[in-house]
Amino acid sequence: MNKAKTCSICKKSFNEYGNNPSPFNGEVCCDDCNNKYVVPLRIYQSIRDPQYALHFKEDGTLEILKPKDKYFTLQELQGAVGGYIELYPCRYENKLIVCDEEGLIKRRPVNTLFSNLTSIKLVGDVLLCPVGIFEATDEEET
């Protein structure tokens with residue numbers, strides 16, 4: 001009989017064999033978190049130039065966010081994070097981190113899923129975006 005384990009991602013107890021939660025922090029994760037978070041993130045990280053962002057929602061869900069056209073607009077990014085966007089000053093694996101600059105003022109909760117991945121404690125919804133998904137500058141077009 002399997003000994004009960006605690007998932008490093010959702011913190012729930014489970015009896016399955018367990019999975020490697022990497023790139024998330026911790027020792028083991030349940031099958032549900034492996035399917036919902038670990039596998040999609042590993043696929044995202046394996047794509048050289050993804051044409052979408054990962055949307056870490058404050059409710060603990062993870063979604064794929066694609067721009068309406070080729071590039072994200074300011075309005076799309078603001079809608080995703082629920083306010084004025086802020087580019088976090090550090091990157092995660094060469095991906096831009098976009099969050100709501102007024103998240104603390106709005107008393108948004110810490111995004112535990114994003115924090116578990118990056119050890120960066122941001123609040124509210126957070127986007128992990130490839131650099132190339134933003135509109136090209138004039139210099140890049142010439």
Side-chain angles (χ1 to χ4, degrees), residues 1-137 139-141:
M1 188 159 130
N2 289 340
K3 181 180 171 188
K5 301 170 191 76
T6 301
C7 178
S8 301
I9 298 172
C10 70
K11 309 299 183 209
K12 293 180 183 173
S13 181
F14 67 95
N15 291 317
E16 302 109 36
Y17 181 74
N19 305 277
N20 178 351
S22 180
F24 288 92
N25 296 318
E27 294 180 17
V28 66
C29 72
C30 64
D31 289 347
D32 194 37
C33 287
N34 188 57
N35 294 330
K36 288 193 314 193
Y37 308 122
V38 175
V39 171
L41 187 59
R42 287 181 185 169
I43 291 169
Y44 183 72
Q45 290 177 328
S46 71
I47 299 171
R48 183 174 181 176
D49 188 23
Q51 298 301 305
Y52 62 93
L54 288 182
H55 187 181
F56 292 80
K57 300 184 102 181
E58 71 180 47
D59 66 4
T61 57
L62 180 65
E63 295 180 350
I64 291 172
L65 184 65
K66 294 182 180 182
K68 183 178 174 186
D69 293 317
K70 186 175 180 180
Y71 302 108
F72 279 118
T73 65
L74 177 61
Q75 291 77 20
E76 288 175 304
L77 295 172
Q78 287 175 332
V81 300
Y84 296 119
I85 65 165
E86 176 178 354
L87 284 177
Y88 189 73
C90 299
R91 294 182 181 188
Y92 175 76
E93 297 201 351
N94 204 30
K95 303 286 189 291
L96 298 173
I97 300 169
V98 180
C99 59
D100 180 0
E101 73 174 22
E102 295 179 332
L104 286 174
I105 294 169
K106 296 174 183 174
R107 299 183 187 271
R108 299 270 193 223
V110 171
N111 191 313
T112 54
L113 183 63
F114 186 77
S115 177
N116 186 305
L117 173 66
T118 64
S119 299
I120 300 170
K121 292 194 185 223
L122 294 176
V123 298
D125 288 2
V126 179
L127 298 176
L128 195 58
C129 302
V131 176
I133 205 154
F134 296 100
E135 193 167 349
T137 63
E139 290 176 5
E140 291 172 340
E141 292 174 350

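All of these numbers come straight from a predicted model, not from anything done at the bench.
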Heavy atoms, side chains only, cut-off 4.5 Å: are S22 and R42 in contact?
yes

Per the salt bridge (Lys or Arg N to Asp or Glu O under 4.0 Å) rule, what does the pair list look like for residues 105-116, sequence neighbours excluded?
E58-R108, D100-K106

Side-chain (E102) to main-chain (G83) donor-acceptor, under 3.5 angstrom:
no

I would like to know whether I97 and R91 meet side-chain contact (heavy atoms from CB on, under 4.5 Å); could you show each step before the answer?
CA-CA 6 Å; I97 300 169; R91 294 182 181 188; 5.8 Å; no

With side-chain contact (heavy atoms from CB on, under 4.5 Å) as the criterion, how do V81 and L77 come out once you've worked through the C-alpha distance, each side chain's angles and the decisive distance to 0.1 Å?
CA-CA 6 Å; V81 300; L77 295 172; 6.0 Å; no

What I want to check is whether the side chains of D59 and T61 have a donor and an acceptor closer together than 3.5 Å.
yes

In terms of heavy-atom contacts, does CD of E27 have more than 12 from other residues, nucleotides or ligands at under 6.0 Å?
no

4.5 Å side-chain heavy-atom contact, N19 and V38:
no

Atom pair OH/CG of Y92 and L54 - distance to nearest 0.5 Å
10.5 Å

So, does Y88 use its side chain to make a donor-acceptor pair with the main chain of V126 at under 3.5 Å?
no

If I take atom OG from residue S46 and atom CG from residue L41, how far apart are they, to the nearest 0.5 angstrom?
10.0 Å

Sorted by first residue and then second, give each side chain to side chain donor-acceptor pair (under 3.5 Å) pair with at least one member in residues 116-126; sequence neighbours left out.
N25-S119, H55-D125

If I take atom CG from residue N111 and atom CD1 from residue I120, how far apart are they, to the nearest 0.5 angstrom?
11.0 Å

Is there a side-chain contact (heavy atoms from CB on, under 4.5 Å) between S8 and F24 once you walk through the steps?
CA-CA 8 Å; S8 301; F24 288 92; over 6 Å; no

Hey, what do you get for CG (L74) to OH (Y84), rounding to the nearest 0.5 Å?
10.0 Å

Please report the shortest heavy-atom distance between N15 and A4, naming the atom on each side.
OD1-CA, 3.3 Å

Of all the heavy-atom pairs spanning E93 and Q45, show the shortest one and how long it is.
OE1-NE2, 2.9 Å

Where do K95 and P50 come nearest, in terms of heavy atoms and distance?
CE-CG, 4.1 Å

What distance separates C29 SG from E16 CD, expressed to the nearest 0.5 Å?
9.5 Å

Contacts of K36 that satisfy salt bridge (Lys or Arg N to Asp or Glu O under 4.0 Å) - sequence neighbours left out
D32

Nearest 0.5 Å, please: how far is NZ in K12 from OG1 in T6?
12.5 Å

Which atom names give the shortest non-hydrogen contact between P130 and Y44, and what distance separates them?
CD-OH, 3.1 Å

So do V98 and L87 actually touch side chain to side chain, heavy atoms under 4.5 Å?
yes

Mind listing the closest non-hydrogen atom pair of L127 and A80 along with its distance?
CD1-CB, 3.9 Å

Close side-chain approach of L65 and F72, heavy atoms under 4.5 Å
yes

With a 4.5 Å limit on heavy-atom distance, are the side chains of C33 and Y37 in contact?
yes

Heavy-atom closest pair, residues F14 and C7
CE2-N, 3.5 Å

Take F56 and L122 through the test side-chain contact (heavy atoms from CB on, under 4.5 Å) and record every step on the way to the result.
CA-CA 11 Å; F56 292 80; L122 294 176; over 6 Å; no

